[in-house]
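Contents: one structure, followed by commentary.
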Amino acid sequence: MALSAHGVSKQFATFQHRPTQFKERILRKAVVGREFWALRDVSTEVQPGETVGLIGANGSGKSTLLKIFGGILQPTTGQVRVRGRIASLLELGAGFNGELSGRENVYLNAAMLGLTRREVDRLFDDIIAFAELEDFVDGAVKHYSSGMYVRLGFAVAVHVDPDVLLVDEVLAVGDEPFAAKCLAKIAEFQDEGRTILCVSHSLEMIQEMCSRALVLSHGNLIHDGPATEGIQVLRATFSTAMTPTTVSAAQPGVDLLGIDVVDSSGAVHYEARPGDTVQVRVHLRSAAACTAVVRVVVTGHFDLAIFVLSTPSAVALPAGESAVLFAVPALPAVEGTFSLAVGIEDARTGAALGAARFEHRLHVRSGHGYGLLGVPHTGALLTER
């Protein structure tokens with residue numbers, strides 16, 4: 001066992017008004033606030049050599065759990081155990097002093113992670129070369145860009161010879177070549193049998209890197225198992241904008257058989273332009289008759305929902321095969337290649353009945369040139385008199 005959490009809960013207090021002056025602190029008898037639980041009774045174990053993804057919606061408790069494993073936060077209840085040297089890259093610039101140079105921060109950060117000065121001397125050139133900051137190493141860190149922060153922090157973390165590496169979404173800040181270098185380093189760690197626990201909103205990266213996923217929802221651990229299954233659970237609760245707990249075996253299952261995008265001529269066609277009229281047909285098979293809400297989520301990069309098609313009210317699905325038709329009078333002014341996912345929930349209980357992401361992709365070509373959206377605008381030369 002490399003990491004373990006048993007009955008871990010974390011409570012925070014939020015304040016509607018916090019006194020900021022000494023006089024106000026004296027005069028106000030109490031601070032108005034409320035308590036909330038960021039984590040509730042989370043128990044899990046991560047074995048040596050595992051790469052585990054920690055996924056969930058914003059505010060689900062992912063970063064809180066990672067910080068508890070990293071020793072930055074203490075749990076309100078429960079116990080956490082960590083075996084081996086741990087390196088954490090939990091947030092941008094964590095552990096850096098902005099007034100110090102990059103060189104000084106390397107020594108400071110590495111010392112916090114347990115390295116001696118002699119060890120840092122030996123690793124220093126490799127760290128700076130990995131971070132690609134040779135020209136900036138003696139400049140104050142406060143002048144670094146966000147990408148430079150990430151480069152330096154990641155380079156230190158992976159060169160301290162950690163047994164356990166904790167990573168929280170920071171790779172999203174770096175540029176693509178550096179992100180590829182980081183992923184290659186993580187793959188090298190995997191080959192060496194090191195333990196990795198990472199938070200990411202990129203489900204494609206989680207599916208590629210991790211064999212296992214922990215899914216958090218409102219502080220509760222709702223899935224602990226294969227990454228592919230965890231991603232399906234998350235998409236049923238997050239990407240489809242539904243609010244079930246987990247997919248319940250007691251509910252009648254709905255198999256999603258396929259999806260078609262039909263153009264105005266009635267032909268199945270996955271190429272379109274903004275303003276085009278299209279229909280989306282979802283083919284499904286229900287084990288038993290049920291009343292359900294069906295949603296199609298059109299997602300872009302990082303599984304960001306671009307728009308959602310939903311039945312305006314519950315539909316009665318018969319037992320056996322059927323289809324649900326969505327009509328889009330005019331596609332929005334977007335450009336790109338988008339994934340198509342479908343989620344179905346029980347109209348009465350809100351439980352997830354089925355969720356699937358399809359291989360077919362919708363290609364929208366607007367011709368507006370750059371960017372996701374085409375925004376009407378004018379442009380003219382401003383001349384001064």
Side-chain angles (χ1 to χ4, degrees), residues 2 51 53-54 62-63 66-73 82 84-202 205-206 208-209 301-302:
T51 300
L54 190 54
K62 307 183 300 296
S63 295
L66 213 60
K67 288 178 180 177
I68 288 176
F69 275 129
I72 296 173
L73 296 175
V82 179
R85 173 180 283 172
I86 189 166
S88 305
L89 195 56
L90 301 186
E91 58 188 31
L92 189 60
F96 286 164
N97 185 325
E99 300 299 326
L100 300 180
S101 68
R103 181 185 303 274
E104 292 166 326
N105 269 290
V106 168
Y107 280 89
L108 175 63
N109 205 242
M112 293 170 61
L113 294 172
L115 264 66
T116 66
R117 184 176 185 86
R118 179 175 295 180
E119 289 174 318
V120 183
D121 288 339
R122 178 172 53 84
L123 295 171
F124 183 82
D125 290 342
D126 291 338
I127 292 173
I128 297 304
F130 187 94
E132 301 171 6
L133 293 175
E134 293 90 342
D135 295 335
F136 305 95
V137 66
D138 291 312
V141 166
K142 66 182 180 181
H143 299 306
Y144 283 12
S145 68
S146 59
M148 293 164 72
Y149 261 108
V150 168
R151 290 182 190 180
L152 190 60
F154 192 90
V156 174
V158 298
H159 280 85
V160 299
D161 195 27
D163 300 298
V164 179
L165 180 65
L166 307 180
V167 185
D168 187 1
E169 198 59 80
V170 292
L171 298 186
V173 183
D175 56 31
E176 186 172 346
F178 186 74
K181 181 191 287 189
C182 293
L183 293 175
K185 190 66 176 179
I186 289 175
E188 181 182 320
F189 276 11
Q190 290 175 311
D191 292 339
E192 294 171 354
R194 303 177 195 247
T195 306
I196 302 169
L197 183 61
C198 63
V199 168
S200 178
H201 286 295
S202 173
M205 189 179 80
I206 293 294
E208 181 179 344
M209 285 176 45
H301 292 299
F302 303 110

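Counting only heavy atoms from C-beta outward, the side chains of Phe96 and Leu152 approach each other to under 4.5 Å. Tyr107 places a side-chain heavy atom less than 4.5 Å from the side chain of Asp121. For the pair Phe124/Val137, a side-chain contact is recorded, criterion being any heavy-atom separation below 4.5 Å from C-beta on.
Atom CG of Asn105 is separated from atom OH of Tyr144 by 8.0 Å, given to the nearest 0.5 angstrom. Between the CG atom of Asp138 and the CD1 atom of Ile128 there is a distance of 9.0 Å, given to the nearest 0.5 Å. With rounding to the nearest 0.5 angstrom, the CG atom of Leu166 is 10.0 Å from the CG atom of Leu54. One finds the CG atom of Leu108 at 10.5 Å from the OG atom of Ser101 (value rounded to the nearest 0.5 Å).
Looking at every heavy atom in both residues, Ala157 comes nearest to Ala87 through O-CB, 3.5 Å. Across Ile206 and Ser200, no two heavy atoms sit closer than the pair CD1-CB, 4.0 Å. Among all heavy-atom pairs drawn from Gly70 and Ile86, the shortest one is CA-CD1, 4.2 Å. In this structure, Val141 and Asn97 approach most closely via the heavy-atom pair CB-O, 4.1 Å. Across every non-hydrogen atom of Met148 and Phe136, the tightest pair is CE-CG, 3.6 Å.
Looking only at distances, a side-chain donor or acceptor of Arg85 sits under 3.5 Å from a matching main-chain atom of Val160.
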For residues 179-198, please give each side-chain donor-acceptor pair under 3.5 Å, one per line with the distance, not counting sequence neighbours.
unit_1 : atom_1 : unit_2 : atom_2 : d
Lys181 : NZ     : Phe130 : O      : 3.1
Lys181 : NZ     : Glu132 : OE2    : 2.7
Lys185 : NZ     : Glu188 : OE2    : 3.4
Gln190 : NE2    : Thr51  : OG1    : 2.9
Gln190 : NE2    : Met209 : O      : 2.9
Glu192 : OE1    : Arg194 : NE     : 2.7
Glu192 : OE1    : Arg194 : NH2    : 2.9
Arg194 : NH1    : Asp161 : OD1    : 2.9
Arg194 : NH1    : Pro162 : O      : 2.7
Arg194 : NH2    : Asp161 : OD1    : 3.1
Thr195 : OG1    : Gly49  : N      : 3.0

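Glu134 CD: more than 12 foreign heavy atoms inside a 6.0 Å radius.
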